Amino acid sequence: MPAHHHSSSHSHHGHSHAPQAGYGRAFAIGIVLNLGFVIVEAGYGFWADSMALLSDAGHNLSDVLGLAIAWGAALLARRGPTERFTYGLRSSSILAALFNALLLLVAVGGIVWESIGRLIEPTPVAAVTMLAVAGIGILVNGFTAFLFMGGQNDLNIRGAFLHMVADAAVSLGVVLGGLAILWTGADWIDPILSLVIAAVILWSTWGLLNQSLTLSLQGVPRDIAVPDVRKALERMPGVARVHHLHVWAVSTSETALTAHLVMPDGHPGDRFLAEAQRELKEHFGIGHTTLQIEIHRPGPQEHASECPLDHHDHAHEGHNHGGHPHHHGPSHLSP
């Protein structure tokens, strides 16, 4: 009979557990500071008729919403499992990261639309006001980014950090734009600067969008190579081959793995399973490991037909939690 082993240990190399409680204060401070700055920046943006300030205020408002969503997801991720949600609500952090990325793309669209209109019909800009307000933005966004600096291993926290870093850079750009307008008197610099801001936001958002979308589709986290995981398992004593290997993200900070290990010499015992668990944690940051041991002798088709999942996979060709389709027959071990 196949044997199963499950690891539920979470503290592992390369990943953190659910966001620490300390980030609750960081989220609260960041939201209050940035919301206050949005109000000030938008007010002065209308008064100075500066598209650069208004676009930056719109971006900052999307980040306030993003921080609130990320905070909510961090709180949900701390809830324990239930009979309906056996992993708890940890995957809400993945959805929050994805929503934040999409929210930023909407903000970029609005900035580009308004900036093009300003290029067609330029309007005078109060450059001194731009300089003063954007200077405050550098301080606010820089300090908020500092609050999240220690959470880079969690995609949800990293998303908040990147937003704040991008905001600080954008505010710096507005300062430089204000200086250029004072120096040259060219009001068209303001909408051009807004387009540059939109490009910076898009560039900083693309990686977050790509990663969060991958994780939401149960893809393999970016820092894990499935072929390396397979080789590490195959190198363990007594393992003839590995099949039905699946790797996916439980949350933005936790990764799960299931695999079938063919071991013709029989079940290796709990010590082997604990060692396999430790190996996966230390080298790949995989904290939720479930292994099934199969002791049948290899057949002419790699693992013959004694694995019950083979019949399911023939009916659903290509099914794989890790995003890598199965290939039956002699090439089955290739990811």
Side-chain angles (χ1 to χ4, degrees), residues 19-20 22-71 74 97 100-101 103-104 107-108 110-111 114-115 125-152 154 156-183 189-205 207-208:
Q20 295 111 339
Y23 285 111
R25 171 180 287 185
F27 278 119
I29 293 174
I31 289 172
V32 170
L33 284 177
N34 281 271
L35 185 58
F37 179 62
V38 164
I39 295 172
V40 172
E41 188 174 34
Y44 276 102
F46 281 114
W47 181 79
D49 204 15
S50 169
M51 187 56 213
L53 282 179
L54 289 174
S55 62
D56 191 33
H59 177 211
N60 276 301
L61 179 59
S62 72
D63 280 346
V64 170
L65 296 175
L67 284 174
I69 293 168
W71 189 10
N100 275 333
L103 189 63
L104 282 170
V108 167
I111 292 171
E114 185 63 26
S115 298
V125 176
V128 175
T129 302
M130 282 179 62
L131 285 169
V133 176
I136 297 173
I138 293 175
L139 297 177
V140 170
N141 293 316
F143 177 71
T144 306
F146 172 77
L147 296 177
F148 296 104
M149 187 175 294
Q152 298 301 292
D154 186 322
N156 190 34
I157 302 296
R158 181 169 173 262
F161 172 79
L162 289 178
H163 283 187
M164 295 302 105
V165 170
D167 281 351
V170 165
S171 295
L172 177 61
V174 174
V175 167
L176 297 178
L179 290 173
I181 293 174
L182 282 176
W183 183 264
I189 291 176
D190 181 61
I192 289 294
L193 182 60
S194 295
L195 292 175
V196 173
I197 290 173
V200 171
I201 297 171
L202 183 62
W203 178 81
S204 64
T205 301
L208 178 65

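For clarity, every value in this text was computed on a predicted model and none was experimentally measured. Computation of the quantities below employed the complete heavy-atom set of this structure, encompassing side-chain atoms and omitting hydrogens, waters and symmetry-equivalent molecules.
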Inset, instruction - Under the side chain to side chain donor-acceptor pair (under 3.5 Å) rule, collect the residues that match up with Thr144, sequence neighbours excluded. - result: Asn34
State, to 0.1 Å, how close [X] and [Y] come at their nearest heavy-atom pair, and which atoms those are.
| X | Y | result |
| --- | --- | --- |
| Ser115 | Pro191 | O-CB, 3.5 Å |
| Gly142 | Ala168 | N-CB, 4.1 Å |
| Val175 | Ile138 | CG2-CD1, 4.1 Å |
| Trp71 | Ala28 | CH2-CB, 3.7 Å |

Atom pair [atom1] ([X]) and [atom2] ([Y]), whose distance is rounded to the nearest 0.5 Å:
| X | Y | atom1 | atom2 | value |
| --- | --- | --- | --- | --- |
| Ile189 | Leu179 | CD1 | CG | 10.0 Å |
| Ile181 | Leu131 | CD1 | CG | 8.5 Å |
| Leu147 | Leu33 | CG | CG | 8.0 Å |
| Ile157 | Phe27 | CD1 | CZ | 3.5 Å |
| Phe148 | Ile29 | CZ | CD1 | 9.0 Å |

[X]: partners by side-chain contact (heavy atoms from CB on, under 4.5 Å), with sequence neighbours left out:
| X | result |
| --- | --- |
| Phe146 | Met149 |
| Leu61 | Val38 |
| Ile39 | none |
| Ala42 | Ala57 |

Inset, instruction - Answer whether the closest heavy-atom distance between the side chains of Ile136 and Glu41 falls below 4.5 Å. - result: no
